[in-house]
Amino acid sequence: MNKQTEFVLRTIEERDIRFVRLWFTDVLGVLKSVAIAPAELEGAFSEGIGFDGSAIEGFARVYESDMLAKPDPDTFQVLPWRGETNGAARMICDILLPDGSPSFADPRNVLKRTLARAADLGFTFYTHPEIEFYLFDGEPKPGEPPVPVDQAGYFDNAPGAAHNYDFRRKAITLLESMGISVEFSHHEGGPGQQEIDLRYADALTTADNIMTFRLVMKEVALDQGAYASFMPKPFADHPGSGMHTHLSLFEGDRNAFYEAGAEYQLSKVGRAFIAGLLRHAPEITAITNQWVNSYKRLAGGGEAPAYVCWGHNNRSALIRVPMYKPAKGNSTRIEFRSVDSACNPYLALAVMLSAGLKGIEEGYELPPGAEDDVWSLTDSERRAMGIMPLPISLDQAIAAMEASELVAETLGEHVFDFFLRNKRAEWAEYRRQVTQWELARYLPSL
């Protein structure tokens, strides 16, 4: 028994933890949970907890359904909203097959495999997400438009937005009590829209933190008579919710993206990583933007990128190279701006890393950066500059992903095939819908 496992068992006893929740994530990024008694924990650490994988979205077929959830003791945290007495804690699990090997269907394992590939090349992958979401009054009511908790805007410090201060203060307090460090928080551009930015961490920790973050936001909102939604585009006329993600590679303690004196202080490795992301961006978009509604955000303006290009401090570009801070070479990074906050973070970080590594391994050349406002250019101007659009629908994104060797290799055959089948079904169901817009436009006149 290692020291961390001993620490977990001792803490559970000392803090009167009565329930231990074992969390894992299905292929679509939905959090799953099973609660066990503390007495079962030593067995869970050594052997895992068995469950029916065929009942989990994308995990297994009925005839190969036996799976094991094995908790990672490094992810142990007490759940602060469950109270001090008869408390509850959580650990995030790796999913194993009955023989103890990693499950081919576990999104966390997909990311771990990709991180191992980066490690073989000498790199550690660090990430920093800026997570946007909306707060709405009451409870969601099918068929009725959501009501934002305020009418405030970007960075507003309005008296009417006091609800948001209370919400963000409590949410951040809970996050930090669970070991999740927050860098910034503020009101975003849409009514009721919030942004909370997590501090830089290794990619696996970031993905675990994002899954925890989404649950904490929903718990705090419910406690305050509201609800939090990570839907990419809930309003046609207000900004969507993205998750701009800052990325960097380190070689030991050295930032591999930094080169003193280079343009934007960006090294050859950093430039090749950007080139890989650009070349493979259409192929990975079905993963980073996996819902029908995701494409309403990408096509809807509001600083959501719709075109494959990069730029220095250019917020209309898909990839932005933030301004260099003198004497802070280790802060050199890139910002990938298309990701939305409703993605599966394990799969999204895996495909972003894989695309960047491909650029490094193959020596991709970085095209010229875009210094113009890309949204304001005409289609012919963008074509002349070699700037291509991202997929404009889930259907287009599925087609690009289906032809991608890079995504197939990164996800593995099982996750790749399931994801495509599920998304094709979602698109087919969406195409059959008759929307309110169609009824309002056509019913009176046709």
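These numbers come from the heavy atoms of this one structure, side chains and all, not from hydrogens, waters or symmetry mates.
Put simply, the side chain of Thr332 does not reach to within 4.5 Å of the side chain of Val321, judged on heavy atoms. Counting heavy atoms from C-beta outward, Phe104 and Leu97 have side chains that approach closer than 4.5 Å. The side-chain heavy atoms of Thr288 and Cys343, taken from C-beta on, include no pair separated by under 4.5 Å. Looking at heavy atoms from C-beta onward, Glu176 lies out of side-chain contact with Ile180 at the 4.5 angstrom threshold. With a 4.5 Å cut-off on side-chain heavy atoms, Val339 and Asn289 do not count as touching. Pro73 is listed as a side-chain neighbour of Phe45, based on a closest heavy-atom distance under 4.5 Å. Residues Glu259 and Leu266 have side chains not in contact (no heavy-atom distance under 4.5 Å, counting atoms from C-beta outward). Leu215 places a side-chain heavy atom less than 4.5 Å from the side chain of Leu31.
No hydrogens or angles considered: a donor-acceptor pair under 3.5 Å links the side chains of Thr212 and Arg90. Asp197 and His186 share no donor-acceptor pair across their side chains, judged by distance under 3.5 Å alone. In this structure, a donor-acceptor pair under 3.5 Å is absent between the side chains of Thr206 and Asn209. When only modelled atom types and interatomic distance are considered, Asp208 and Thr75 share no side-chain donor-acceptor pair under 3.5 Å. With hydrogens and angles left out, the side-chain atoms of Asp106 and Tyr346 include no donor and acceptor closer than 3.5 Å. Side-chain N/O atoms of Glu283 and Ser404 include a donor and acceptor closer than 3.5 Å.
Salt-bridge formation is not detected for the pair Arg297/Glu132: no Lys NZ or Arg NE/NH1/NH2 atom is positioned less than 4.0 Å from an Asp or Glu carboxylate oxygen. A salt bridge links Glu263 with Arg271: the distance from a Lys NZ or Arg NE/NH1/NH2 to an Asp or Glu carboxylate oxygen falls below 4.0 Å. Taking the charged nitrogens against the carboxylate oxygens, Arg108 and Asp94 do have a contact shorter than 4.0 Å, which makes a salt bridge. A salt bridge links Asp379 and Arg382; the closest N-O separation between the charged side-chain nitrogens and carboxylate oxygens is under 4.0 Å.
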- Query: For Lys32 and Phe51, what are the C-alpha separation, side-chain angles and deciding distance, and is it a side chain to side chain contact (heavy atoms under 4.5 Å, CB included)?
  - Reply: CA-CA 12 Å; Lys32 302 294 180 179; Phe51 69 97; over 6 Å; no
- Message: Working note: Asp340 + Ser294, criterion side-chain hydrogen bond (donor to acceptor under 3.5 Å, both in side chains); need CA distance, chi angles, decisive distance, verdict.
- Response: CA-CA 7 Å; Asp340 63 48; Ser294 299; 2.7 Å; yes
- Given the rule in the side-chain hydrogen bond (donor to acceptor under 3.5 Å, both in side chains) test, do Ser354 and Arg117 qualify, once you have shown the distances and angles that lead to the verdict? CA-CA 9 Å; Ser354 193; Arg117 183 171 151 237; 3.2 Å; yes
- Task: Applying side chain to side chain contact (heavy atoms under 4.5 Å, CB included), run through Gln265 and Phe257 and close with a yes or a no.
- Result: CA-CA 8 Å; Gln265 316 300 315; Phe257 284 3; over 6 Å; no
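A donor-acceptor pair under 3.5 Å links the side-chain atoms of Ser316 to the main chain of Val374, judged by distance alone. Under a 3.5 Å cut-off, the side chain of Asn344 and the backbone N or O of Asp26 do form a donor-acceptor pair. Of the possible polar contacts, one joining the Thr410 side chain to the Leu406 backbone as a donor-acceptor pair under 3.5 Å is found. Here the side chain of Gln193 pairs a donor or acceptor atom with the backbone of Gly240 at under 3.5 angstrom. Looking at Asp72, its side chain never comes within 3.5 Å of a backbone N or O of Ile92 through a donor-acceptor pair. Under the 3.5 Å distance criterion, the side-chain polar atoms of Arg113 are left unmatched by any main-chain donor or acceptor of Leu111.
Between the OG1 atom in Thr245 and the CG atom in Leu349 there is a gap of 6.5 Å [rounded to 0.5 Å]. If you take CZ on Arg320 and CD1 on Ile274, they are separated by 12.0 Å, rounding to the nearest 0.5 Å. For the atom pair CG of Leu115 and CG of Leu353, the computed distance is 6.0 Å after rounding to the nearest 0.5 Å. One distance of note links CD of Glu409 with OG1 of Thr114; it measures 11.0 Å at 0.5 Å rounding. Note that the CD atom of Glu183 and the CD1 atom of Ile172 stand 11.5 Å from one another [nearest 0.5 Å]. Within the model, atoms NE2 of His246 and CD1 of Ile334 stand 10.5 Å from one another, a figure rounded to the nearest 0.5 Å.
The distance between the ring centers of Phe235 and Phe136 falls below 6.0 angstrom. In summary, the aromatic rings of Phe184 and His128 are positioned with their centroids too far apart to meet the 6.0 Å limit. For an aromatic pair to be called close, the ring centres must be under 6.0 Å apart, and Tyr258 with Phe250 fails this.
When all heavy atoms are compared, the tightest approach of Gln433 to Glu438 is O-OE1, 3.7 Å. Across all their heavy atoms, Ala228 and Ala221 have their closest contact at N-CB, 3.6 Å. When all heavy atoms of Ile36 and Ala44 are compared, the closest pair comes out as CD1-CB, 4.1 Å. Scanning all heavy atoms of the two residues, the minimum distance from Ala317 to Arg337 falls at O-CD, 3.3 Å. Closest approach of Phe419 and Met401 over heavy atoms only: CD2-CE, 3.7 Å. Smallest separation of non-hydrogen atoms from Gly29 and Arg214: O-NH2, 3.2 Å.
Annotation: cation-pi geometry satisfied between Lys423 and Trp291 (NZ/CZ under 6.0 angstrom from ring centroid, within 45° of ring axis).
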Can you give me every donor-acceptor pair (side chain of residues 385-395, partner residue at least two apart or in another chain, under 3.5 Å) with its distance?
{"from": "Ser393", "atom 1": "OG", "to": "Asp395", "atom 2": "N", "distance (Å)": "3.4"}
{"from": "Ser393", "atom 1": "OG", "to": "Gln396", "atom 2": "N", "distance (Å)": "3.1"}

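Between Phe133 and Phe230, the ring planes lie tilted relative to each other; the angle falls in the 30° to 60° range. Taking the six-membered ring where tryptophan is involved, the planes of Phe125 and Phe273 are tilted, since the angle between them lies from 30° to 60°.
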